[in-house]
Amino acid sequence: MGAVNRRDIRQALAARILEEHHRQEVSVEKKALIDSPRAVALDAFDPADTGGMDKDQAADKVGKLERRLAHQQELLYAAAQNAVMVVLQGMDTSGKDGTIKHVMASVNPVGVQVSNFKQPTAEELAHDFLWRVHRRAPALGVLGIFNRSHYEDVLVVRVHKLVPQEVWKQRYEQINAFERTLAQNGTIVLKFFLHISKVEQERRLLERERDLEKSWKLAVADWQERGYWDEYQKAYTDALGRCATKEAPWYVVPADKKWYRDLFIAQAIVERLEPHERRWERDLKERGKRERAAIEEYRRQHSAQK
Ligand code: AMP
Ligand code: MG
């Protein structure tokens, strides 16, 4: 009896230590997670935050996280019981493209679908604003990455008054209903706001002008849009505050440092997929067992026939 108890205690202790270790490894700043509707003050989030880490420490961590993410994506793909929708939003130069390039470098392209949302085409404009987005919603098993999204319809559209206020005001609720529909049908939704400072944006825009290899990225529109900085921040404040739910939360990503941005996003995704990962693994094992039994049965019948 005593021996069994001691073993139980030892096991429980080991599990606790492991869990604790895991929590330290994988945990985004709780304050950066907005998962219920509330008033958001973007000023309260420091775009230059690095979680007290330096670049070398981050490189070590991000490597580990990317390997875990690759494993999770493999399970997601194989189990095909959920879809994952990663929404990337942020001002020009905030790093949406860079995030896709770095964080997703480790995953298997066979199960990834990247969607870029640009100015709507005439056909897209002739439909409701969610039409083009819903068509690109990831299928079960797929990790879908949205480079911009339906949120543009309460951001650029609001800032530039492309539709009347009565129209865009209704969209927050429509977006919540849409994301709830996706979530209730097996889609895990994560939305990242890449938060950069105005000073850092200027530095990046000027850097692009100096770098010949980046000149394809130059756009006078970026400077024009920068002129609407405050209006955009206000529009983001509302989008984050009104469209934050438990099933489709927003993460405010400190994005002035590219290495921390990558780490933060990788960490958030890994953490969010973790509870599902165990279920996928269990189901895949079950599937393996069933198939193994079916193969054995097939062999038995096959050899009986001979
Ligand atoms: P980029 O991401 O740099 O390729 O630029 C795409 C552009 O398309 C951005 O300026 C967006 O604001 C714009 N865009 C995306 N979605 C919409 C939309 N629904 N309505 C108007 N402009 C949009
Ligand atoms: Mg651009």
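All ligand and atom numbering here is 1-based and tracks the order in the structure.
The one candidate from Ile269, Val87, Thr99, Val252 that meets the side-chain contact (heavy atoms from CB on, under 4.5 Å) condition with Phe192 is Ile269. Partner of Glu179 under the salt bridge (charged side-chain N to carboxylate O under 4.0 Å, His left out) criterion, out of Lys191, Arg242, Lys246: Lys191 alone.
Side-chain polar atoms of Gln81 and Arg279 form a donor-acceptor pair below 3.5 angstrom.
Here Ile188 contributes atom CD1 and His276 contributes atom NE2; the two are 3.5 Å apart, rounded to the nearest 0.5 Å.
Across Asp97, Val163, Val156, heavy-atom proximity to atom 21 (C) of ligand 1 is greatest for Val156. The option from Glu225, Glu152, Gln119, Lys217 that lies nearest to atom 8 (O) of ligand 1, judged by heavy atoms, is Gln119.
Between Asp92 and ligand 1, no N or O atom pair is found at a separation short of 3.5 Å. Residue-to-ligand polar distances place Arg132 within reach of ligand 1: an N/O pair is separated by less than 3.5 Å.
A distance-only check finds a donor-acceptor pair linking the side chain of Arg204 to the backbone of Asp256 [under 3.5 Å].
Each of the atoms 19 (N) of ligand 1 lies under 4.0 Å from some heavy atom of Asp153. Near Pro120, meaning under 4.0 Å from one of its heavy atoms, ligand 1 places the atoms 17 (C), 18 (C), 19 (N), 20 (N), 21 (C).
The shell of residues lying under 4.0 angstrom from ligand 1, judged by heavy atoms, excludes Gln224.
By the criterion of a heavy-atom distance under 4.0 Å, the side chain of Val157, and not its backbone, is placed next to ligand 1. Contacts with ligand 1 closer than 4.0 Å are made by no heavy atom of Glu124, backbone or side chain. Only the side chain of Arg148 comes within 4.0 Å of ligand 1, counting heavy atoms alone; its backbone N, CA, C and O stay farther away.
Judged by the 6.0 Å and 45° rule, Arg135 forms a cation-pi pair with Trp131. Taking the ring axis of Phe117 as reference, the NZ or CZ atom of Arg132 does not stay both within 45° of it and closer than 6.0 Å to the ring centre.
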